[in-house]
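Reviewing the structure listed below.
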Amino acid sequence: MVSIRAFVAIPMYICAMSDKKVRVRFAPSPTGGLHLGGVRTVLYNYLFAKKHGGDFILRIEDTDQTRFVPGAEEYIFDCLKWAGLEPDESVQHGGDFGPYRQSERKELYKNYAEQLVAEGHAYYAFDTPGELEQMRQQYRTDENPAPQYDNKVRMQMRNSLTLDGDTVHELMHSDTPYVVRIKMPDEETVSFNDMIRGEVSFNTSLVDDKVLLKADGMPTYHLAVVVDDHLMEISHAFRGEEWLPSAPVHVLLWKYLFGEDKMPQWAHFPLILGPSGKLSKRDGATYGFPVFAMNWTDPKTGDLTEGFKEMGFLPEAFMNLLAVLGWNDGTEQEIFSLDEMIEKFSMDRIHSAGAKFDYEKAKWFNHEWIKKLTVDRLQLLVKEVLKSKGIEVADDELLNKVIDLVKDRCTLLTDFYEQAGYIFSKRLKALIYLLFSRNGMMLKPCSSRS
RNA sequence: GGCGCGUUGGUCAAGGGGUUAAGACGCCUCCCUUUCACGGAGGAAUCACGGGUUCGAUUCCCGUACGCGCUACCA
């Protein structure tokens with residue numbers, strides 16, 4: 001396994017640097033808070049792009065109109081800004097490959113879907129949701145609890161494979177809703193080289209006929225990701241491991257539409273796990289740690305989910321802890337700045353196994369970064385923390401001295417309130433001033449500190 | 001159920017045919033310290049199991065178990 005990875009990774013790096021410009025993308029769907037795993041995916045994309053002098057693109061995957069959440073897109077940009085991972089191209093940053101919002105590219109996808117149908121790689125399907133449900137009921141057994149719309153049942157359904165040409169024509173011109181499904185070939189092996197896992201193969205007979213174009217004319221992720229990666233000239237496509245099972249569909253689509261040789265290099269990142277399986281925002285609530293990068297308020301329910309930022313994490317620490325959750329540089333180094341990560345990052349040192357998130361260690365990283373950062377960097381952040389507690393600090397010089405004095409005992413930025421807030425209370429203020437002016441230096445309440 | 005991906009201490013992990021199997025978090029003990037924290041010195045704790053291959057497997061191969069993911073006109 002290891003030897004395969006090493007084997008695969010080397011030629012890819014050569015390719016990455018000499019073949020074409022490195023262009024990677026993060027493609028979130030704006031449906032809610034940006035979670036740990038998403039931010040780490042952004043980070044790895046960003047590090048890879050910057051390492052190879054490439055571009056990092058942010059593409060909004062908003063093809064599901066039923067899941068539109070106001071404010072979610074803006075929120076994603078806010079998170080990236082806070083994290084210091086600014087895209088080179090996006091809805092907000094512009095670029096030559098727009099639009100960067102898939103809903104605005106709607107018309108593009110239809111032609112590709114038509115092309116696939118014309119070439120026999122896809123077909124129209126007229127089955128109603130009720131009929132689909134009926135099919136699932138009919139074929140459901142103990143051995144097969146989740147029947148798929150696949151090569152075994154497609155000929156029993158209402159689609160352009162089973163209906164005669166006239167009927168199909170009639171249905172399509174009578175406002176009958178229809179979708180386009182990929183026709184997965186029988187008994188073929190689709191394989192590709194994953195930069196992290198090496199060769200991964202699938203038997204096409206075991207993969208279902210996924211919907212490519214929905215009844216509302218929007219593409220599904222499957223079609224959109226392939227079309228847009230092609231049109232946006234993406235050289236390396238990275239995403240979470242949960243996408244691995246649908247990778248054969250994407251590989252086939254690349255083969256049919258643009259040629260497999262044009263396909264980006266894939267890498268599927270391991271999942272970040274919570275105390276019980278894939279990390280969810282529920283875990284945060286039940287175990288008492290943040291899951292989202294920044295505070296997120298669900299506009300429908302009004303529920304607030306606290307983020308790392310508001311919890312008192314530094315972006316430096318957040319990036320650092322995320323980076324080493326699944327990656328290391330092979331040395332004993334644990335603390336990395338973003339620049340160091342860019343310098344040292346390599347795809348073949350990413351673990352293939354999922355990693356359980358450990359909040360205790362996350363806090364340790366933040367503590368290390370608070371100790372490491374200069375007072376100048378900390379000042380504004382601490383000011384904000386105090387301000388949120390109703391303490392306005394006017395004297396920056398005093399604040400700086402206080403920060404320097406107490407930062408060793410602050411794990412989270414919010415700890416500055418407990419550790420130093422009292423110093424800025426009205427009564428103490430006068431006294432502190434007095435001491436400063438008399439000695440011309442900070443009085444150290446703790447003699448052990450050198 | 002099917003398919004896919006995984007499996008080194010409680011957690012993150014290095015390593016990889018012969019090692020006392022790194023390091024970090026957390027935990028414990030001690031030192032420093034009037035307290036706490038910081039810092040320092042130690043300690044407990046790991047290669048899922050079964051078969052191969054081999055002089056020798058934690059490392060390579062095959063199974064099994066377990067975990068996770070996917071199995072939507074969601075991404």
Side-chain angles (χ1 to χ4, degrees), chain A residues 1-3 27-32 38 60-67 102 125 127-129 132-133 136 140-150 177-181 194 196-198 200-208 210-222 224-225 239-248 268-279 321 324-335 349 351-365 367-368 371 405-411 415 418-419 445-450:
Chain A
M1 184 45 132
V2 170
S3 60
S29 90
T31 51
I60 300 293
E61 306 237 350
D62 59 347
T63 53
D64 187 356
Q65 296 165 324
T66 64
R67 295 210 303 165
Q102 286 182 332
D127 317 276
T128 63
L132 290 174
E133 183 48 37
R136 289 184 187 115
R140 185 175 298 139
T141 60
D142 285 348
E143 286 72 40
N144 184 15
Q148 304 189 109
Y149 197 122
D150 59 12
Y178 66 92
V179 300
V180 174
R181 284 181 182 270
D194 186 280
I196 295 170
R197 289 149 217 283
V200 184
S201 346
F202 301 82
N203 178 344
T204 53
S205 288
L206 271 9
V207 180
D208 63 324
K210 296 225 179 300
V211 170
L212 265 21
L213 202 69
K214 298 187 262 190
D216 64 1
M218 279 286 194
T220 58
Y221 172 83
H222 308 293
V225 72
R239 73 230 299 195
E241 192 187 338
E242 69 270 27
W243 288 107
L244 209 39
S246 54
H268 291 84
F269 299 143
L271 264 14
I272 296 180
L273 280 3
S276 54
K278 189 177 166 184
L279 192 67
L321 71 92
V324 298
L325 208 53
W327 171 85
N328 69 80
D329 75 338
T331 73
E332 288 182 8
Q333 185 171 350
E334 301 241 36
I335 304 297
R349 289 205 61 89
H351 252 255
S352 43
K356 200 175 283 184
F357 175 66
D358 179 1
Y359 189 48
E360 291 307 314
K361 185 142 188 183
K363 284 191 290 191
W364 175 79
F365 276 107
H367 192 13
E368 291 301 306
K371 286 190 285 178
L405 189 67
V406 303
K407 67 177 189 169
D408 281 3
R409 53 221 303 157
C410 295
T411 296
D415 292 341
E418 283 81 36
Q419 295 296 334
C446 180
S447 58
S448 66
R449 216 189 160 278
S450 57

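Owing to the predicted nature of the structure, the values given are computational and were not obtained by experimental measurement. Lettering of chains follows the sequences in order, A, B, ..., and the numbering in each one begins at 1.
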| What integer number of Å spans the P atoms of B:C3 and B:C60? | 25 Å
| task | Please report, rounded to the nearest Å, how far the C1' atom of B:G1 is from the CG atom of A:D208. | result | 15 Å
| said: Return the CG to CZ distance between A:L271 and A:F357, rounded to the nearest 0.5 Å. | reply: 15.0 Å
| query | When we call it a touch if two heavy atoms are under 4.0 Å apart, what does A:H222 touch: a base, just sugar-phosphate, or nothing? | reply | nothing
| message | With a 3.5 Å limit on both atom pairs, tell me what B:A13 is paired to, counting Watson-Crick and G-U wobble, or say none. | response | none
| note | When both distances are under 3.5 Å in a Watson-Crick or G-U wobble arrangement, the nucleotide paired with B:G1 is B:U71
| request: Measure from CZ on A:R67 to P on B:C73 and round the result to the nearest Å. | output: 13 Å
| query | How long is the span from the CD atom in A:E334 to the NZ atom in A:K361, to the nearest 0.5 Å? | reply | 4.0 Å
| Between B:A13, B:C73, B:A75, which nucleotide gets closest to the side-chain atoms of A:H351? | B:A13
| query | Does the side chain of A:T63 reach to within under 4.5 Å of the side chain of A:K214, using non-hydrogen atoms? | reply | yes
| task | Just call it for A:G326: base, sugar-phosphate, or nothing, with non-hydrogen atoms closer than 4.0 Å on any strand. | result | sugar-phosphate
| request: Measure from CZ on A:R136 to P on B:U71 and round the result to the nearest Å. | output: 11 Å
| field | A:P248 to A:L244 - nearest heavy-atom pair and separation | value | CD-O, 3.7 Å
| To the nearest Å, how far apart are A:Q333 CD and B:A22 C1'? | 16 Å
| remark: Against the side chain of A:N328, the closest entry in B:C70, B:A75, B:A14 is B:A14
| query | Who is the Watson-Crick or G-U wobble partner of B:C38, with both distances under 3.5 Å? | reply | none
| field | Residues A:D64 and A:R67 bridged, charged N to O under 4.0 Å | value | yes
| query | B:G6 pairs with which nucleotide, Watson-Crick or G-U wobble, both distances below 3.5 Å? | reply | B:C66
| message | For a quick check of understanding: with a heavy-atom distance under 4.0 Å over all strands, which category does A:K371 fall into, base, sugar-phosphate or nothing? | response | sugar-phosphate
| remark: Taking a pair to mean Watson-Crick or G-U wobble geometry with both distances below 3.5 Å, B:U46 pairs with none
| request: Kindly point out which of B:C12, B:A14, B:G4 is positioned nearest to the side chain of A:A355? | output: B:C12
| request: Determine the interatomic distance between P on B:U11 and the same-named atom on B:C68; round to the nearest Å. | output: 13 Å
| Between B:C3, B:A14, B:G1, which nucleotide has the shortest distance from any of its atoms to the side chain of A:F202? | B:C3
| If you look at every strand shown and take non-hydrogen atoms under 4.0 Å, does A:A215 touch a base, only sugar-phosphate, or nothing? | base
| task | May I ask you to say what A:F357 touches in the nucleic acid, namely base, sugar-phosphate or nothing, with a heavy-atom cut-off under 4.0 Å? | result | nothing
| message | Nearest to the side chain of A:P245, heavy atoms from C-beta on, is which of B:G39, B:G69, B:A75? | response | B:G69
| Gap between atoms CG and P, on A:D62 and B:A75 respectively (whole Å) | 10 Å
| query | When you check the phosphate oxygens OP1 and OP2 of B:A75, does a side-chain N or O of A:T63 lie under 4.0 Å from one of them? | reply | yes
| task | Give the nucleotide from the list B:G69, B:U11, B:C73 with an atom nearest to the side chain of A:K214. | result | B:C73
| request: Could you tell me the separation between the CZ atom of A:R140 and the C1' atom of B:U71, rounded to a whole number of Å? | output: 12 Å
| request: Between B:C38, B:C74, B:C12, spot the one nearest the side chain of A:D408, thanks. | output: B:C38
| task | Report which part of the nucleic acid A:T66 touches: base, sugar-phosphate, or nothing (heavy-atom distance under 4.0 Å, all strands). | result | nothing
| query | Among B:G23, B:C68, B:C5, which is the nearest nucleotide to the side chain of A:L271? | reply | B:C68
| Nucleotide of B:G6, B:C73, B:C12 approaching A:L325 most closely (side-chain heavy atoms) | B:C12
| query | Given that A:G330 and A:Y149 both sit by RNA chain B, which one's nearest nucleotide is further toward the 5' end? | reply | A:G330
| How far does the P atom of B:G6 sit from the matching atom of B:A45, given to the nearest Å? | 31 Å
| message | Using the side-chain heavy atoms of A:E360, tell me which of these nucleotides is nearest: B:G26, B:G23, B:C3. | response | B:G26
| Pairing nucleotide - B:U20, Watson-Crick or G-U, each distance under 3.5 Å | none
| note | Interatomic distance, CG@A:L321 vs CH2@A:W364, rounded to 0.5 Å, equals 10.5 Å
| query | Nearest-Å distance, CD (A:E242) to P (B:A75)? | reply | 13 Å
| request: Kindly assign one of parallel, tilted or perpendicular to the pair A:W243 and A:H222, based on the angle between their ring planes and the thresholds 30° and 60°. | output: perpendicular
| said: Checking the side chain of A:K371 only, and the main-chain atoms of A:D408 only, is there a donor and an acceptor separated by less than 3.5 Å? | reply: no
| message | Please give the distance between the P atoms of B:C25 and B:G43 as a whole number of Å. | response | 15 Å
| message | Please report the distance separating the P of B:U64 from the corresponding atom of B:G23, rounded so that it comes out in whole Å. | response | 37 Å
| Between the base of B:A24 and the side chain of A:K361, is there a donor-acceptor distance below 3.5 Å? | yes
| message | If you compare every side-chain N and O of A:K278 against the phosphate oxygens of B:C70 (OP1, OP2), does one of them come in below 4.0 Å? | response | yes
| Taking a pair as Watson-Crick or G-U wobble with both distances under 3.5 Å, which nucleotide is matched to B:U54? | none
| query | When you compare B:G26 with B:A13, how far apart are their C1' atoms, in angstrom units rounded to a whole number? | reply | 14 Å
| message | Could you tell me how far apart A:E334 (CD) and B:C12 (P) are, to the nearest whole angstrom? | response | 13 Å
| message | Using atom P in both nucleotides, what's the gap between B:G1 and B:G39 to the nearest angstrom? | response | 49 Å
| query | What distance, rounded to whole Å, do you find between the two P atoms, one in B:A41 and one in B:G4? | reply | 49 Å
| note | A:Q102 and A:D62 have their tightest heavy-atom pair at N-OD1, 3.3 Å
| remark: Of A:D127 and A:V324, the one whose closest nucleotide on RNA chain B sits nearer the 5' end is A:V324
| task | Tell me what A:V207 touches on the nucleic acid: a base, only sugar-phosphate, or nothing, going by heavy atoms under 4.0 Å. | result | nothing
